[in-house]
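Everything quoted here is computed from the prediction, not taken from an experiment. Chain A is the first sequence line, chain B the second, and so forth, proteins listed ahead of strands; every chain is numbered from 1.
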2 protein chains.
Amino acid sequence: MRPPTIRDVAERAGVSKSLVSLVLRGSDQVRAAKREAVLTAVDELGYRPNAAARSLSERRTRTVGVLLNDMRNPWFVDLLDGLNSRLHDNGLRTLLADGHLNRRLGEDLTRTFTELRVDGLIAVGTLPPSEALRTAAGRIPTVVAGAREPTLPHVDVVAGDDQHGARLATEHLIGLGHRRIAHIAGDGVVGALRRRSFETVMREHGLSDTAAVERGDLTEEGGYRATVRLLGIPERPTAILAFNDMACVGALSAAEELGLKVPRDLSLVGYDNTYVSRLRHLWLTTVDNASHDVGRRAAQCLLDRIAEPTRPGQVVLITPTLEIRGTTGPPPGH
Amino acid sequence: MRPPTIRDVAERAGVSKSLVSLVLRGSDQVRAAKREAVLTAVDELGYRPNAAARSLSERRTRTVGVLLNDMRNPWFVDLLDGLNSRLHDNGLRTLLADGHLNRRLGEDLTRTFTELRVDGLIAVGTLPPSEALRTAAGRIPTVVAGAREPTLPHVDVVAGDDQHGARLATEHLIGLGHRRIAHIAGDGVVGALRRRSFETVMREHGLSDTAAVERGDLTEEGGYRATVRLLGIPERPTAILAFNDMACVGALSAAEELGLKVPRDLSLVGYDNTYVSRLRHLWLTTVDNASHDVGRRAAQCLLDRIAEPTRPGQVVLITPTLEIRGTTGPPPGH
DNA sequence: GACCGCTTTTGGACCGTTCCAGAACGTACG
DNA sequence: CGTACGTTCTGGAACGGTCCAAAAGCGGTC
């Protein structure tokens, strides 16, 4: 009761296995009658080619592996969407693996994908630095998407322009009349970029003295705690730019608990335009990273790199936009 | 510059390829000295076995395919966690594929997994009914997790006990003193089960007359609209049981817009205990489906079914619990 | 009818593993 | 010393495809 092979099909259609192979790969060198015979045999037997055998012989898999950092925070869904559609157009399928789950198990996903001999690798989001990724990138064409690190020899990076995004958000707040603005900073290269950009813009407007930065993390909890600290200082900020939407939701909760009304008493800006920010009840003003474009460009980069594996790694930045919703307004008494 | 093969390793270590194979598969029939030689050769060459060749020869892949309905609503993350850890313990790796993305592309994921010859298939969440899944399930051991459909000949179903979950929630509301309780219903088998259970419990308490049901869908928007309708009727409900957390968030927004304070004027219960319900700012009372357990049991079912593919399909229900948070309280004037 | 050139079809090598039957090697025993 | 018997090791046949060189088929021409 094994699945039928190409030889079974050949026998049934009364031709050689080579001809079946030709038909299945869409050759036009086959007479219509035989093609027909092969196709009906395929149908009758319910034949499906064996991907392992095929890739062993072709020496490629037409598959790219996608390493997700953590599925719990679904900011990357649009990115995957863009990625997938572009790769699909070029005959490549994608397989996902979630890092968070497997890291806990001590399983190395790059190893899995290396053994599968995927044609390419996409790392989505900031992955914990690992020797494994470095060696994998040395063998398999690799692109980092939606993150700025790690930077490795022959690896492209496609991400939103964090500097520009943070600028958009900060200038929006300044434009509304805010002066005392705080930033809840994230970590890693992305965190540093957004933070520095915030500080630069504040300086450009002569607001360095009223700029505050509080370390948070990428979670709601972190945003909450940071906001409690920020709102505890004497001349408290009238606006906060959070590192991401999650932290922004935390900030929202903190503000409410302290009896502040958003945006009347406090303006908040998130980052990523996740669906959480779109929930009517939250309705966060946020920076949209154009993730779909990031995904598409990452796919293109990977295709180019597969064609020419040794070209120097490049950095592609996608311009984000500001999504103004309900959590920003003029400062109190303006 | 091809990746090294088992023969390269053998040559370097001065042994036959068969011996290398033995060492790599952990045989104890190998003398320590040779084992050592093989392992250092593996190391020096950076050898990684070729999964395609291995699975072609072994006639299995040690891989199970996971079909996700839609990643946009991450209720299934805990489920995957449980699934993955149990499968990993049994030497199986998992590969994910997101249905939503690929459906749009007209790509058939069951086809992909069939061609890969995965050892098993897990369908997570309610997938749109498809002939493809039916035929796939006929060839590959398959388990449905976190959904109640489709029911197919040799397919197990592992899910939360929706009947019990809806009962817990309804009785919680009744216990708080609510009489006029509404339900925002979802569709499919799961929707029907929760709805019927809600109606049954209301009847048991002699509250059939004050029970209302409004059709929603699984989105925030659907929950919002349904709630607007529910709160528009003369004797409006003092509590709403929503089909899921998303719909519940929509209900929350609607209540707020109509000037009702939750839970003072209106109690709300969600379903799924997603991380959205855990956001401090929302803090929804909700039903926890014990997804981690569902995942673990689904994995076990799959392992059993791989061992014995033709046994009759069984239905395993996991008992949910109620997670009481901030959106439920006694009715006004109680 | 032999020959040519074109299209269509085929057999067999190969891809990198596992698996199995049997070879080689020790060691103990009669 | 020959033999029997474990323990280690090896060659070659799968596994199910692709690819290529060569064979076969088929008008048309001389």
Side-chain angles (χ1 to χ4, degrees), chain A residues 1-39 41-42 45-63 91 111-112 114-119 139, chain B residues 1-39 41-42 45-63 91 111-112 114-119 139:
Chain A
M1 271 282 48
R2 324 173 155 181
T5 75
I6 200 172
R7 288 165 219 271
D8 299 326
V9 175
E11 192 175 348
R12 176 152 199 140
V15 299
S16 73
K17 64 179 177 35
S18 302
L19 190 70
V20 176
S21 177
L22 279 176
V23 170
L24 290 178
R25 280 172 301 124
S27 163
D28 53 353
Q29 302 276 69
V30 179
R31 204 147 35 183
K34 299 248 178 183
R35 177 194 312 282
E36 208 52 42
V38 168
L39 290 178
V42 163
L45 293 174
Y47 168 77
R48 290 277 168 272
N50 181 323
R54 173 175 284 180
S55 71
L56 188 57
S57 175
E58 274 191 313
R59 332 187 87 248
R60 64 165 169 176
T61 51
R62 296 172 192 275
T63 298
R111 188 187 181 102
T112 302
T114 310
E115 295 189 356
L116 286 176
R117 301 283 194 273
V118 292
D119 295 342
R139 304 157 175 261
Chain B
M1 273 287 54
R2 326 173 153 182
T5 74
I6 200 172
R7 286 167 217 272
D8 299 327
V9 176
E11 192 174 349
R12 178 154 198 137
V15 299
S16 72
K17 64 177 177 34
S18 303
L19 189 71
V20 176
S21 178
L22 280 177
V23 170
L24 291 178
R25 281 172 300 125
S27 162
D28 54 352
Q29 301 277 67
V30 179
R31 206 147 33 182
K34 299 246 176 182
R35 177 193 313 282
E36 207 51 43
V38 168
L39 290 178
V42 163
L45 293 174
Y47 168 77
R48 289 278 168 272
N50 181 323
R54 171 174 287 181
S55 70
L56 187 57
S57 176
E58 274 191 314
R59 330 185 92 249
R60 66 168 170 172
T61 51
R62 297 171 192 276
T63 298
R111 189 189 181 98
T112 302
T114 311
E115 295 189 358
L116 286 176
R117 301 282 194 272
V118 291
D119 295 341
R139 303 156 174 264

Checklist entry - Rounded to whole angstrom units, what separation is found between the OH atom of A/Tyr47 and the C1' atom of D/dG17? => result 7 Å

Checklist outcome for this item: When rounded to whole Å, the CD1 to P distance for the pair A/Ile6 and D/dG17 reads 6 Å

Next on the checklist: Between P on D/dC15 and CG on A/Asn50, what's the gap in Å once rounded to a whole number?
Outcome noted: 12 Å

Checklist entry - Hey, is the side chain of B/Arg60 poking within less than 4.0 Å of OP1 or OP2 on D/dC15, counting only N and O atoms? => result no

Checklist entry - For B/Ser18, which contact category applies under a 4.0 Å heavy-atom criterion: base, sugar-phosphate, or nothing? => result base

Checklist outcome for this item: Testing D/dA13, D/dT10, D/dG17 for proximity to the side chain of A/Pro49, the answer is D/dG17

Item to check | hbond_proxy A/Thr5 side chain to D/dG16 base (donor-acceptor, 3.5 Å cutoff) | outcome: no

Item to check | Interatomic distance where CZ belongs to A/Arg7 and C1' belongs to D/dT18 [whole Å] | outcome: 11 Å

Checklist entry - Among residues 20-36 of chain A, which contact DNA chain D at a heavy-atom distance under 4.0 Å? => result A/Ser21, A/Arg25

Item to check | Atom pair distance, as rounded to whole Å: CZ in A/Arg54 and C1' in D/dC19 | outcome: 13 Å

Next on the checklist: Heavy atoms from C-beta onward define the side chain here; which of D/dG11, D/dT10, D/dG17 lies closest to that of B/Lys17?
Outcome noted: D/dG11

Checklist entry - Could A/Arg7 and A/Glu11 be called an ion pair, given the rule that one side-chain N must be under 4.0 Å from one carboxylate O? => result no

Checklist entry - chain B on DNA chain C: first and last contacting nucleotide, 5' to 3', under 4.0 Å to a heavy atom? => result C/dG16 to C/dC19

